[in-house]
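Take a look at the structure set out below.
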2 protein chains.
Amino acid sequence: MDKAKQKRLEAAGWKVGTVQDFLELSPEESLLIDIRARLALVLSERRKAQSLTQAELARRIRSSQSRVAKMEAADGSVSLDLLVRSLLALGTTRKELAAAIAGK
Amino acid sequence: MDKAKQKRLEAAGWKVGTVQDFLELSPEESLLIDIRARLALVLSERRKAQSLTQAELARRIRSSQSRVAKMEAADGSVSLDLLVRSLLALGTTRKELAAAIAGK
DNA sequence: TCCGAGTATGTCAGAAATGACATAGGACGC
DNA sequence: GCGTCCTATGTCATTTCTGACATACTCGGA
């Protein structure tokens with residue numbers, strides 16, 4: 001977005017900024033959300049790579065299809081614990097997990 | 001422990017094995033516990049490196065001294081979420097977090 | 001078009017984690 | 001000894017997460 005457009009929007013009463021600004025997240029909060037998103041993505045990738053459905057993965061970790069869907073969507077209602085446990089259940093190693101968090 | 005001692009203990013009715021065997025943890029479960037222990041250790045180290053007391057860290061993350069103590073003790077009642085949030089509150093970066101999980 | 005398999009989304013009772021508090025233990029100086 | 005500071009451990013009411021369920025959406029193939 002260029003400066004001119006920003007000026008116009010602000011003149012019209014709009015707030016301009018990042019999603020972070022909008023939701024007023026602290027740096028740590030957005031970092032945590034970032035980490036969750038990364039793990040969610042890896043979970044989804046690994047599950048598909050193993051040709052498992054969400055329902056199958058759910059059975060394996062004694063959860064439900066809906067919770068797996070929420071995990072992969074990085075829904076705010078899922079904990080890191082559950083995400084990590086799921087990844088481990090898919091055979092992810094400590095180092096792979098670390099790589100997922102560190103980014104490629 | 002040498003084989004001879006093991007034989008003697010078993011003859012006396014003792015079970016011999018690792019803690020994992022004893023608690024009957026699955027590989028994923030013990031991996032998760034391992035990860036928690038690593039994060040707990042790093043948390044403790046980082047806090048001390050910054051000359052903070054448990055109470056001070058607790059205030060910063062809006063928790064309590066007792067919970068911080070439990071975190072550092074890798075108590076089973078603390079979640080990964082809380083551990084990670086605490087680490088982030090101490091300025092840990094994604095990459096440092098990853099390194100803590102991967103091991104040195 | 002309808003079906004079927006997979007995925008997404010909403011809700012909720014029960015389970016687990018949480019912060020707060022009390023209190024005990026440990027290490028240090030006085 | 002006593003007091004002070006920090007940490008450890010236990011308990012508990014409240015908050016948050018969880019699995020289960022229902023139901024809606026998507027996208028191929030027939």
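Below, chain A is the first sequence line, B the second, and so on; all start at residue 1. Note: hydrogens, waters and symmetry copies are ignored here, and every other heavy atom, side chains too, is used.
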Between CG of B/Leu82 and C1' of D/dC17 the distance, given in whole Å, is 14 Å
When rounded to whole Å, the CZ to P distance for the pair A/Arg85 and C/dA16 reads 10 Å
The helix from C/dT1-D/dA30 to C/dC30-D/dG1: angle between terminal helix axes, five bp per end, to the nearest 10 degrees, reads 30°
Is B/Ser79 near enough to C/dT18 that one of its side-chain N or O atoms lies under 4.0 angstrom from OP1 or OP2?
yes
Here the distance between atom C1' of C/dT7 and atom CG of A/Leu43, to the nearest Å, is 14 Å
A/Arg36 CZ to D/dC17 P, in whole Å, measures 7 Å
Residue pairs meeting salt bridge (charged side-chain N to carboxylate O under 4.0 Å, His left out), one or both in residues 58-71 of chain B, sequence neighbours left out, come to none
Check: Is a side-chain donor or acceptor of A/Glu72 paired with a backbone partner of A/Ala69 at a separation under 3.5 angstrom?
Finding: no
Electrostatic pair A/Glu29-B/Arg85, nearest N-O below 4.0 angstrom
no
I'd like to know if the side chain of B/Ser44 reaches the main chain of B/Ala40, judged simply by a donor and an acceptor atom lying under 3.5 Å from each other, with no hydrogens or angles considered. no
Numerically ordered, the residues 51-74 of chain A set in heavy-atom contact under 4.0 Å with DNA chain C is A/Thr53, A/Gln54, A/Gln65, A/Ser66, A/Ala69, A/Lys70
In whole angstroms, the gap separating P of C/dA16 from CG of B/Leu83 amounts to 19 Å
In whole angstroms, the gap separating P of D/dG19 from CG of A/Asp81 amounts to 11 Å
Between the OG1 atom in A/Thr92 and the CG atom in A/Leu97, the distance rounded to the nearest 0.5 Å is 7.0 Å
(request) Check whether any side-chain N or O of B/Gln50 sits under 3.5 Å from a backbone N or O of B/Arg47 as a donor-acceptor pair, and report yes or no. (result) no
Does A/Arg36 use its side chain to pair, donor to acceptor, with the backbone of A/Ala74 at less than 3.5 Å? no
Check: Do the side chain of A/Asp81 and the main chain of B/Ser79 share a donor and acceptor less than 3.5 angstrom apart?
Finding: no
Handout entry: Test item: B/Arg46 side-chain N/O and B/Leu90 main-chain N/O as donor-acceptor pair under 3.5 Å
Key = yes
So what does A/Arg47 touch, heavy atoms closer than 4.0 Å: a base, only the sugar-phosphate, or nothing? sugar-phosphate
